[in-house]
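In what follows, a single structure is set out as structure tokens and then discussed.
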There are 2 protein chains.
Amino acid sequence: MIDTKQKLLDTAERLIAEQGYAATSLRHIISEAGVNLAAVHYHFGSKEDLLDQVILQKASSVNTARLTILDRLEKEASGTPLPVSEVLSAFFEPMIEAGTRSPQFVKLMGRMFAEGLLPTIVAKHFRPTFVRFAEALQRSLPFLSEAELFWRLQFMIGAMSHALCAPRAAPEGVLTDTALPDFRPPDFENIVRRLMTFLCGGFQAPPCPEIH
Amino acid sequence: MIDTKQKLLDTAERLIAEQGYAATSLRHIISEAGVNLAAVHYHFGSKEDLLDQVILQKASSVNTARLTILDRLEKEASGTPLPVSEVLSAFFEPMIEAGTRSPQFVKLMGRMFAEGLLPTIVAKHFRPTFVRFAEALQRSLPFLSEAELFWRLQFMIGAMSHALCAPRAAPEGVLTDTALPDFRPPDFENIVRRLMTFLCGGFQAPPCPEIH
DNA sequence: GTCTATACTGAGATAGAC
DNA sequence: GTCTATCTCAGTATAGAC
């Protein structure tokens, strides 16, 4: 078949979103895709590179949208720093839209964060976007030192990561459920909007006194 | 040897803190500990249960200290809700102290979070503590709905998790470095205090309007 | 260039002798 | 309690058919 590669990408995306990366063996993927084991290494080189391509296929459009919105907002503001809420909005609205259209996308991202694969695989796809947003936030929050802003961005990444893979459960289920839920769109949107509110408060907190 | 079990615990803790859980094979652990492979399964049952015991040994004292401080603060306040900053302080100060005394502890915790082992293994050790703190925060923030508070707690967990395993790097290194650093004590304390400031702002943000 | 068959290495787990 | 031997399954590598 000509589309062996695409079949592998699609099957891998589905199975990894359902079961996680570590729990999904190449042999399971190839059996569902109906191709040979060696085809994976022919087309992708390794299991990790297969994942890399799956992520690339899904994440790049979200990041493009983020940068487009941020550029537009900054142009409209013509030099004056954007409010934090607008920068965060440019970052999260494309994610809400992507997640609403395709819950599997959210699940896959959640898996990546949950399994700690962000640093090694996803970072390179997201890094330029994060750097761009970091610069925008630096202008919005001039009273923060670079170090302070750096860490607040780390906190944002962590909060977002965890929220993506957290159980969509009632308060009595705090930290109980480990299964990743199918986020129904309104739930997902609600959670991300709560996150934006939370982050807005966090970013605008007065700077932390330094310790030496 | 009588202390085969303890040697396994100590060696596992060290190697997992250095290399991560997935990257540390049982065969590596037993070779450094000088015991037989089957001893692991005899004493612990599985690799996962070995990790479980390593965590238990290290985390329980921190959680005990957290609950002790929170109890004391609430007793002193005699019924009036505690300020958010004090609740957060009760939660994070014991972690700062543990991390300052033993950087390896922080590194191990960071590994757990980074590899997404929190939900399946660590949650059961931390759950009672989190529930207790959730109740305290509910009293401190009566204007938040249960759902809102639930999610803000999730955001806190995520931010804390990520901060524990984030690179201790200059701002130009955002998301670049994947190696876990040895937190030098003042760095670690600084980061956690920045986190507390950030969370204080986030928790006290006005509630997010619900969407339906 | 594309894909198949098969072998290799290392992982965690287990049964049973001592 | 401990150890040897073995099992199954993972990801990877290669030789060669088409």
Side-chain angles (χ1 to χ4, degrees), chain A residues 1-57 108 111-112 114-122 178, chain B residues 1-57 108 111-112 114-122 178:
Chain A
M1 291 252 195
I2 264 185
D3 50 352
T4 298
K5 192 169 175 176
Q6 193 58 44
K7 271 199 300 192
L8 278 170
L9 283 170
D10 294 341
T11 311
E13 182 193 343
R14 179 170 54 82
L15 290 179
I16 293 174
E18 284 170 6
Q19 313 174 337
Y21 174 74
T24 304
S25 71
L26 288 180
R27 285 169 172 83
H28 188 178
I29 295 172
I30 57 124
S31 104
E32 296 226 356
V35 306
N36 186 274
L37 176 59
V40 177
H41 294 91
Y42 175 74
H43 286 288
F44 301 99
S46 71
K47 184 184 180 184
E48 200 173 303
D49 288 325
L50 169 58
L51 176 65
D52 196 73
Q53 293 302 308
V54 170
I55 301 291
L56 181 61
Q57 191 171 257
L108 181 65
R111 289 289 184 193
M112 296 304 95
E115 297 192 60
L117 298 169
L118 234 242
T120 53
I121 300 173
V122 185
T178 68
Chain B
M1 290 249 197
I2 264 185
D3 51 349
T4 296
K5 192 169 175 175
Q6 193 59 44
K7 271 199 298 192
L8 279 169
L9 282 171
D10 293 342
T11 311
E13 182 192 344
R14 180 170 52 81
L15 290 179
I16 292 175
E18 284 170 8
Q19 314 175 336
Y21 173 73
T24 305
S25 69
L26 288 179
R27 283 169 171 84
H28 189 177
I29 296 172
I30 59 124
S31 105
E32 296 227 356
V35 306
N36 185 273
L37 176 58
V40 178
H41 296 93
Y42 174 74
H43 286 289
F44 301 99
S46 71
K47 185 185 180 185
E48 200 174 303
D49 288 325
L50 168 58
L51 176 65
D52 196 73
Q53 293 302 307
V54 169
I55 301 291
L56 180 61
Q57 191 172 253
L108 181 65
R111 289 289 185 193
M112 297 303 95
E115 298 192 58
L117 298 168
L118 235 240
T120 52
I121 301 174
V122 185
T178 68

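Keep in mind that what you see is a predicted model, and the values were worked out from it rather than measured. What's counted below: heavy atoms across the whole structure, side chains too, no hydrogens, waters or symmetry copies.
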List, with names and distances, any nitrogen or oxygen atoms from the protein found under 3.5 Å away from nitrogen or oxygen atoms belonging to nucleotides 4-9 of chain D.
unit_1: D:dT4; atom_1: OP2; unit_2: B:N36; atom_2: ND2; d: 3.4

Would you say the side-chain atoms of A:Q53 pair up with the backbone N or O of A:F44, donor to acceptor, closer than 3.5 Å?
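No, the answer is negative, given that no donor and acceptor are paired below the 3.5 Å cut-off.
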Check: B:Y21 main-chain N/O paired with B:E115 side-chain donor or acceptor under 3.5 Å:
yes
Looking at side-chain heavy atoms only, is the closest gap between [X] and [Y] below 4.5 Å?
X     : Y     : result
B:H43 : B:L50 : no
A:H41 : A:L26 : yes
B:I30 : B:N36 : no
A:I29 : A:V40 : no
A:T11 : A:V35 : no

[X] [atom1] to [N] [atom2], straight-line distance once rounded to whole Å:
X     : N      : atom1 : atom2 : result
A:I30 : D:dG11 : CD1   : P     : 10 Å
B:L8  : D:dG1  : CG    : P     : 14 Å
B:H43 : C:dA13 : NE2   : C1'   : 16 Å
B:F44 : D:dT2  : CZ    : C1'   : 15 Å
A:K7  : C:dT2  : NZ    : C1'   : 13 Å
A:Q6  : C:dT2  : CD    : P     : 15 Å
A:Y42 : D:dG16 : OH    : C1'   : 14 Å
A:E48 : D:dG11 : CD    : P     : 12 Å

Terminal axis angle for the helix from C:dG1-D:dC18 to C:dC18-D:dG1, five pairs an end, nearest 10 degrees:
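The helix from C:dG1-D:dC18 to C:dC18-D:dG1 shows an end-to-end axis angle of 10°.
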Within the pair A:H41 and D:dT12, is there a side-chain N or O less than 4.0 Å away from OP1 or OP2?
yes
N/O (side chain, B:T4) to phosphate O (OP1/OP2, D:dG1) under 4.0 Å
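Looking at the OP1 and OP2 atoms of D:dG1, neither is under 4.0 Å from any side-chain N or O of B:T4.
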Could you list the residues that satisfy side-chain hydrogen bond (donor to acceptor under 3.5 Å, both in side chains) with B:D10, not counting sequence neighbours?
B:Q6
Earlier contact from the 5' end, DNA chain D, for B:G34 and A:L26
B:G34
Determine the minimum heavy-atom distance between B:V54 and B:A12, stating which atoms define it.
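Taking B:V54 first and B:A12 second, the nearest heavy atoms are CG2-CB, 4.1 Å.
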